[in-house]
Amino acid sequence: MFHVGSARSVLYNWAFARHEGGTLVLRIEDTDAARNRPEWTEGIISAMAWLGIDGSQYEGPYFQSANLGKHTEAAQRLYAEGRAYYCDCTRADIVARTGDQHHGYDGYCRDRGLGPGEGRALRFRTPDEGATVIDDLVRGKTVFENSSIEDFVLARGDGSVLFLFANVVDDVEHRITHVLRSEEHLPNAPKQQLLFEALGLEPPAWGHLSIIVNEKRQKMSKRRDKAALEAYRDEGYLAAAMRNYLMLLGWAPAGDREILPFDEMVAEFRIEDVNSSPAFFDVKKLRAFNGEYIRAMAVADFIAACEPWLRPDVVPWPAEKFDPVVFAELAALAQTRVALLPEIVPMVDFAFLADPVRDEASWAKAMKEPAAELLAEVAAAYEQVPWEAGPLRERLESVGTSFGLSLGKAQAPVRVAVTGRTVGLPLFESLAVLGRQETLRRIESARERVTGLA
RNA sequence: GGCCCCGUCGUCUAGCGGCCCAGGACGCCGCCCUCUCAAGGCGGUAGCGCCGGUUCAAAUCCGGUCGGGGCUACCA
């Protein structure tokens with residue numbers, strides 16, 4: 001699963017890496033689970049590919065267990081140097097002593113001199129005095145009193161190391177220079193920085209990006225919120241629009257610009273300019289951006305982008321009725337009316353359905369007096385006209401006039417008769433594409449129904 | 001509870017002591033255009049959480065307060 005929050009970090013990461021000419025390391029921070037859940041990795045990779053981050057721009061996936069030897073080696077070194085000690089306390093022991101579920105470790109085994117053994121965890125001996133300051137690229141300096149940092153666990157009773165520690169060793173292994181991640185990891189930063197120092201290594205530059213929140217201002221969750229990037233792709237959002245929108249969460253290019261080419265954003269982007277307050281993911285604005293990007297496309301590109309929603313197995317009309325030439329003509333008319341790709345389907349379905357859908361609300365609204373008579377007159381007038389938008393419009397307009405109706409009023413019954421709905425593509429162009437025979441058939445069928453009902 | 005982070009229109013943001021009785025965008029409202037619906041054009045709506053201080057001058061600096069959030073595992 002690819003969390004939007006992560007997507008955002010990756011995006012920044014990427015922009016930053018491009019800026020610095022670096023490489024992105026894709027690391028699945030899960031020793032065993034990720035191996036058993038290849039779809040996690042695939043999800044991340046496919047989401048990255050969708051956003052335009054191709055395989056040549058990252059390394060990975062990389063699993064912690066691949067570096068097991070180095071992890072235990074580093075842990076042993078810290079133990080040998082007295083920077084870590086063994087502890088046989090269970091969670092229950094600690095709670096019994098401190099009387100508080102939410103209290104950190106109390107340091108009970110600090111000076112008991114326990115050696116390694118089955119069931120004994122290795123804890124880091126946190127400095128008693130002083131403070132650890134995290135100089136963060138996005139939030140400035142944050143001071144953590146060392147006394148407020150508990151003696152956290154480095155390795156479990158079975159010898160396997162924890163994420164926090166494995167992370168540090170892996171960062172060294174990968175020669176990571178910048179750790180850009182989500183704000184929720186900020187409390188881990190001082191612990192890891194202490195670890196770098198204990199290992200005699202230079203800590204990386206930190207950058208903790210704010211989280212993305214839902215309407216309740218809480219961290220987006222995969223369970224509650226639509227946080228998987230792939231879901232947006234499947235709903236018809238364009239990668240370019242998505243990535244443009246995502247870039248604007250917490251950062252803005254100069255000059256009151258919002259929609260601009262990704263290359264320009266990358267060139268202008270500086271991690272130091274990212275603001276540190278959480279942002280709400282506003283789907284309405286994303287949708288508006290998507291519409292802008294769709295309108296900016298060449299018609300041929302728009303048609304190509306619609307393809308996934310035109311596949312025979314997802315489409316509401318019989319596959320053999322689909323005509324790409326007809327679709328191309330209608331698509332040109334639909335482009336300014338589509339904000340999300342799948343919205344194209346109900347706009348053009350009338351052309352490929354044997355009978356148009358019948359939206360009852362539309363019928364009730366449009367098929368009032370004198371609809372039946374008007375439909376009959378229009379049908380008669382359409383028997384002979386040159387079958388082009390201009391003449392079609394003129395004839396309907398003059399029929400309307402004879403009923404004392406404006407064009408706006410007069411077109412409604414015809415529109416509903418032919419397309420089934422009260423709103424849609426420009427009517428006369430649509431009729432021109434549909435053809436005389438089918439248009440007359442639908443008008444006649446609608447007239448009969450209206451008469452029958454009356 | 002403890003540690004930490006955050007606080008400009010409903011939302012995303014610009015702003016880094018005078019250019020700001022706060023600019024842009026989405027949303028919303030109105031008008032124009034118009035065969036419906038869009039698109040487009042024009043206009044409008046709405047905000048510096050609060051209280052003190054520093055200063056000739058504060059959205060911008062300082063203190064406090066209130067509010068929101070994150071973390072708090074031998075998970076990642």
Side-chain angles (χ1 to χ4, degrees), chain A residues 28-34 64 87-91 94 100-105 119-123 134 136 139-140 142-145 147-150 152-164 166-167 182-190 208 210-211 213 215-219 245 248-259 275-289 291-292 295 333-339 343 347 362 365-366 389 392-393 396-397 400 406-412 414-416 419 421-430:
Chain A
I28 310 297
E29 311 288 9
D30 194 48
T31 314
D32 297 313
Q64 284 178 8
C87 164
D88 62 1
C89 301
T90 64
R91 186 74 226 166
I94 300 166
D100 184 0
Q101 196 64 246
H102 291 290
H103 218 82
Y105 184 61
R120 290 179 180 174
L122 186 67
R123 286 184 184 273
I134 298 300
D136 194 284
R139 2 180 58 91
T142 302
V143 178
F144 296 85
E145 294 299 331
S147 58
S148 73
I149 304 173
E150 66 172 324
F152 54 93
V153 173
L154 261 24
R156 303 181 182 86
D158 65 1
S160 63
V161 299
L162 268 73
F163 146 82
L164 191 88
N167 224 218
S182 166
E183 179 191 358
E184 65 214 67
H185 289 290
L186 188 54
N188 290 333
H208 289 90
S210 63
I211 55 174
V213 297
E215 45 287 303
K216 287 158 72 184
R217 296 249 126 214
Q218 289 166 330
K219 187 171 75 171
Y245 176 71
L248 262 26
L249 258 24
W251 178 79
D256 284 336
R257 293 174 307 158
E258 287 202 324
I259 293 190
N275 72 21
S276 50
S277 53
F280 168 67
F281 188 84
D282 185 3
V283 186
K284 282 222 186 89
K285 186 157 181 171
L286 207 213
R287 183 188 163 87
F289 272 37
E292 289 255 1
R295 273 171 253 129
L333 300 171
Q335 199 172 348
T336 59
R337 278 162 253 258
V338 171
E343 290 168 7
M347 287 183 189
S362 293
K365 194 173 167 197
L392 288 168
R393 176 199 168 115
L396 199 155
E397 194 160 19
S406 66
L407 216 208
K409 292 276 187 220
Q411 58 92 38
V414 178
R415 177 182 293 280
V416 173
T419 71
R421 299 185 186 89
T422 209
V423 301
L425 267 19
L427 180 61
F428 306 107
E429 285 78 358
S430 298

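To find a chain, count down the sequence lines: A is the first, B the second, and so on, and within it residues start at 1.
Comparing Thr142(A) and Glu150(A) along RNA chain B, the residue whose closest nucleotide (by nearest heavy atom) sits nearer the 5' end is Thr142(A).
What separates CD1 of Ile149(A) from P of rC71(B) is a distance of 18 Å, to the nearest Å. When rounded to the nearest whole Å, the span between NZ of Lys219(A) and P of rG68(B) equals 18 Å. Distance CD (Glu258(A)) to C1' (rG23(B)): 12 Å, rounded to an integer number of Å. Between the CG atom of Leu249(A) and the P atom of rA25(B) there is a distance of 18 Å, given to the nearest Å. Residue Phe152(A) contributes atom CZ, which lies 17 Å from atom P of rC4(B) at whole-angstrom precision. The interatomic distance linking Ile134(A) (CD1) with rC3(B) (P) rounds to 18 Å, in whole Å. Between the C1' atom of rU72(B) and the CZ atom of Phe144(A) lies a distance of 12 Å, rounded to the nearest Å. In this structure, CZ of Arg217(A) is placed 13 Å from P of rG49(B), rounded to the nearest angstrom.
Residues passing the side-chain hydrogen bond (donor to acceptor under 3.5 Å, both in side chains) test with Arg415(A), sequence neighbours excluded: Gln411(A). Under the rule for a side-chain hydrogen bond (donor to acceptor under 3.5 Å, both in side chains), Gln335(A) has no partner lying at least two apart in sequence or in another chain. Annotation: salt bridge (charged side-chain N to carboxylate O under 4.0 Å, His left out) contacts of Arg257(A) (sequence neighbours excluded): Glu264(A), Glu268(A). Partners of Arg120(A) under the side-chain hydrogen bond (donor to acceptor under 3.5 Å, both in side chains) rule, at least two apart in sequence or in another chain, do not exist in this structure. For Phe144(A), the ring-ring contact (aromatic ring centres under 6.0 Å, His included) criterion is met by no residue, not counting sequence neighbours. Applying the side-chain contact (heavy atoms from CB on, under 4.5 Å) criterion to Ala339(A), with sequence neighbours excluded, gives Arg287(A), Glu343(A). Partners of Glu292(A) by side-chain hydrogen bond (donor to acceptor under 3.5 Å, both in side chains), not counting sequence neighbours: none found.
Searching all strands for a Watson-Crick or G-U wobble partner of rG1(B) with both distances below 3.5 Å returns rU72(B). Across every strand in view, rG30(B) sits in a pair with rC42(B) that passes the Watson-Crick or G-U test at under 3.5 angstrom. Base pairing of rA25(B) is made with rU11(B), judged by Watson-Crick or G-U wobble geometry with both donor-acceptor distances under 3.5 Å. Across all strands shown, rU65(B) is found opposite rG49(B) as a Watson-Crick or G-U wobble partner, with both distances under 3.5 Å. Base pairing of rC37(B): no nucleotide in any strand meets the Watson-Crick or G-U wobble criterion (both distances under 3.5 Å).
With C1' as the reference atom, rC29(B) and rG69(B) are 33 Å apart, rounded to whole Å. Nucleotides rC62(B) and rG17(B), compared at atom C1', are 13 Å apart to the nearest Å. rC12(B) and rG53(B) are spaced 32 Å apart, taking the P atom of each and rounding to whole Å. Annotation: rC19(B) and rA57(B) have their C1' atoms spaced 14 Å apart (nearest Å).
Nucleic acid contact class of Arg257(A) (heavy atoms, under 4.0 Å, all strands): none. In this structure, Asn188(A) reaches the bases: a heavy-atom distance under 4.0 Å links it to at least one base atom across the strands shown. Residue contacts for Gly119(A): at a heavy-atom cut-off of 4.0 Å it reaches a base atom on one of the strands shown. When heavy atoms are screened at a 4.0 angstrom cut-off, His185(A) is found touching base atoms of the nucleic acid.
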Letter per nucleotide, 5' to 3', of nucleotides 27-43 of chain B [B base touched, S only sugar-phosphate touched, - untouched; heavy atoms, 4.0 Å]: S-------BBBBSS---
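The aromatic rings of Phe163(A) and His185(A) sit tilted, their planes meeting at an angle between 30° and 60°.
Of the side-chain N and O atoms in Arg156(A), one or more sit less than 4.0 angstrom from OP1 or OP2 of rC75(B). Distances shorter than 4.0 Å separate some side-chain N or O of Asn275(A) from OP1 or OP2 on rU13(B).
Side-chain atoms of Ser182(A) and Glu184(A) form a donor-acceptor pair, as typed in the model, at a separation below 3.5 Å.
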Please list each protein N or O that sits under 3.5 Å from an N or O in nucleotides 46-48 of chain B, with the distance.
none

